[in-house]
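In this text, all values refer to a predicted model and were calculated from it rather than measured experimentally. Just the heavy atoms: all of them, side chains too, but no hydrogens, waters or symmetry mates, feed the values below. Note that ligands are numbered from 1 as they come in the structure, with each ligand's atoms numbered from 1 the same way.
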Amino acid sequence: MYAQLVKSEGKKSAEEMSPEERAFQDRVDRGEKIEPKEWMPEGYRKTLIRQIGQHAHSEIVGQLPEGNWITRAPTLERKAILLAKVQDEAGHGLYLYCAAETLGISRDQLLDKLHDGSMKYSSIFNYPTLTWADIGAVGWLVDGAAIMNQVPLQKTSFGPYSRAMIRICKEESFHQRQGYDIMMKMAQGTPEQKAMAQDALNRFWSPALMMFGPSDKESVHSAQSMAWKIKIDTNDELRQKFVDQTVPQAEYLGLSIPDPNLKWNEEKKGYDFSEPDWTEFFEVIAGNGPCNRERLGARVKAWEDGAWFRDALVAHAEKDAARRAAARVAAE
Ligand code: BYC
């Protein structure tokens, strides 16, 4: 069901590259941006489609666990803020689908691959949001992890992706702040509310660590993707940065990170922490997480229910084009 779209064969050495590939690599190494119409290795194009497409899918699937709470947000203000955030995710999806389309794949093709399970979306969205505190944890941890991953991607080598990321990152920081604000309110609330905040942290901590992908030794795409500057940091580097940034935030909230092995390591100037459960991670990305079927089912239903509207838009555009053509002929 979750077949890989691109097989990475590891990073090519300079001797293995054709002259065109070497010239391309030189441009990337010099920090030049690659634009859609320019020559690029087929593997670069496919890797970008895989990564940008998965990212776009994550944005729109990510709307589902949060959208679930719009009607149940505790105040009108919280509802308006959450609504704005969920709308932002749709916008992020659009920027990213547009960036992917410049590589010669249509949005419909990408969505078909999401719906038939041949393209992935982020593992994190296969976990349920059970309480209002989960919306806080999602904003704080999930958007926090997303920012950690996406800020470096502003410097990615492919122009349209890099420009989309600049805009997305601005909005993600608002998302992270809204989540932390919910957590602060809950953590400073009644003992029951504080317990809800701790419970949300307990359930989302490990899945948030998994968002950065498998450990570097298991990461099949990192070496080539980093050589092409499609990825800027390794999965483990970003995971470490995320932990180092988040632990003091949890301390400020008066909450405990659910990891008995969490400990400051003076030598590396960072925290030691437990590896997430990688068996669970690989199960989730194989389609067997707690909410995979529900999430994909909701996306497929939304796509099918919206068919009449897409058809109407196309029919309107065709009529409009015919009217304009007729008016042009009449004017000649
Ligand atoms: N979930 O070789 P690796 C967000 C797959 S959401 C699912 O390390 P790579 C947001 C990987 O695809 C955040 N699958 O891969 C939205 C590969 O399988 P395939 C979305 C994962 O690509 C709404 C295999 O495991 N952000 O922002 O070098 C609300 C081997 O991995 C995951 C992005 O997509 C995962 N967590 O590195 C709130 C950022 N991790 O494709 C927030 C852009 C790994 O061969 N993407 N896999 O079948 C990236 O930076 C990279 O693609 C990753 C993975 C770091 C995620």
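For ligand 1, the atoms lying closer than 4.0 Å to a non-hydrogen atom of Gln54 are 12 (O), 41 (O). Atoms of ligand 1 found under 4.0 Å from any heavy atom of Ser219, numbered from 1 in the order shown, are 2 (O), 3 (P), 8 (O). Residue Ser123 approaches ligand 1 through these ligand atoms, each under 4.0 Å from one of its heavy atoms: 1 (N), 7 (C), 35 (C), 36 (N). Each of the atoms 39 (C), 43 (C), 49 (C), 50 (O), 55 (C) of ligand 1 lies under 4.0 Å from some heavy atom of Asn149. Remark: ligand 1 atoms within the under-4.0 Å shell around heavy atoms of Tyr121 are 1 (N), 7 (C). Close contacts between ligand 1 and Met210 involve ligand atoms 36 (N) [criterion: under 4.0 Å to a heavy atom]. Near Glu89, meaning under 4.0 Å from any of its heavy atoms, are these atoms of ligand 1: 23 (C), 29 (C), 38 (C). Atoms of ligand 1 lying under 4.0 Å from at least one heavy atom of Phe212, given by number and element, are 55 (C).
At a heavy-atom cutoff of 4.0 Å, ligand 1 is contacted by the side chain of Arg50 but not by its backbone. The side chain of Asn235, and not its backbone, has at least one atom closer than 4.0 Å to an atom of ligand 1 (non-hydrogen atoms only; side chain from C-beta on). Contacts of Ser225 with ligand 1, taken as heavy-atom pairs under 4.0 Å, are absent altogether. Only side-chain heavy atoms of Asp143 come within less than 4.0 Å of ligand 1; its backbone N, CA, C and O stay farther off. The backbone and the side chain of His55 each have at least one atom closer than 4.0 Å to an atom of ligand 1 (non-hydrogen atoms only). Residue contacts with ligand 1 for Lys231 involve side-chain atoms from C-beta outward but no N, CA, C or O (heavy atoms, distance under 4.0 Å). Both the backbone and the side chain of Val220 come within 4.0 Å of ligand 1, judged by heavy-atom distances.
Using a 4.0 Å cutoff on heavy atoms, His92 does not count as a contact of ligand 1. At least one heavy atom of Tyr161 sits closer than 4.0 Å to an atom of ligand 1.
At under 3.5 Å, not a single nitrogen or oxygen of Lys85, backbone or side chain, sits near a nitrogen or oxygen of ligand 1. At least one N/O-N/O distance between Met211 and ligand 1 falls below 3.5 Å.
Residues Trp69, Ile70, Leu82, Leu83, Val86, Trp132, Ile135, Ile182, Met186 make up the rest of the hydrophobic cluster containing Met196, defined by ILVMFWY side-chain heavy atoms closer than 4.5 Å, directly or through other members.
Just one of Asn288, Val284, Leu296, Val61 meets the side chain to side chain contact (heavy atoms under 4.5 Å, CB included) condition when paired with Asn126; it is Val284.
Between the side chains of Asp236 and Ser215, no donor-acceptor pair of N or O atoms lies under 3.5 Å. Using modelled atom types and a 3.5 Å distance limit, the side chains of Ser162 and Lys155 yield no donor-acceptor pair.
In this comparison of Gln150, Glu218, Lys120, the heavy atom closest to atom 19 (P) of ligand 1 sits on Lys120.
Cluster membership for Tyr121 and Ile147, using ILVMFWY side-chain heavy atoms within less than 4.5 angstrom, is not shared. Taking hydrophobic clusters as Ile, Leu, Val, Met, Phe, Trp and Tyr residues chained together by side-chain heavy-atom distances below 4.5 Å, Leu114 shares a cluster with Leu103.
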Item to check | Audit row: Glu42, Arg45, salt bridge (Lys or Arg N to Asp or Glu O under 4.0 Å) steps and yes/no | outcome: CA-CA 5 Å; Glu42 191 52 17; Arg45 195 182 69 82; 2.7 Å; yes

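Look at Glu35 and Arg163 and you find a salt bridge, because one of the NZ, NE, NH1 or NH2 atoms lies within 4.0 Å of a carboxylate O, short of that distance. A salt bridge does not link Arg328 with Glu332: every distance from a Lys NZ or Arg NE/NH1/NH2 to an Asp or Glu carboxylate oxygen is 4.0 Å or more. Under a 4.0 Å N-O distance rule, the pair Lys85/Glu171 does not qualify as a salt bridge. Using a cutoff of 4.0 Å between basic side-chain nitrogens and carboxylate oxygens, Asp181 and Arg78 are scored as salt-bridged.
Counted within 6.0 Å of CZ on Arg177, heavy atoms from surrounding residues, nucleotides or ligands total 12 or fewer; the atom is thus considered open.
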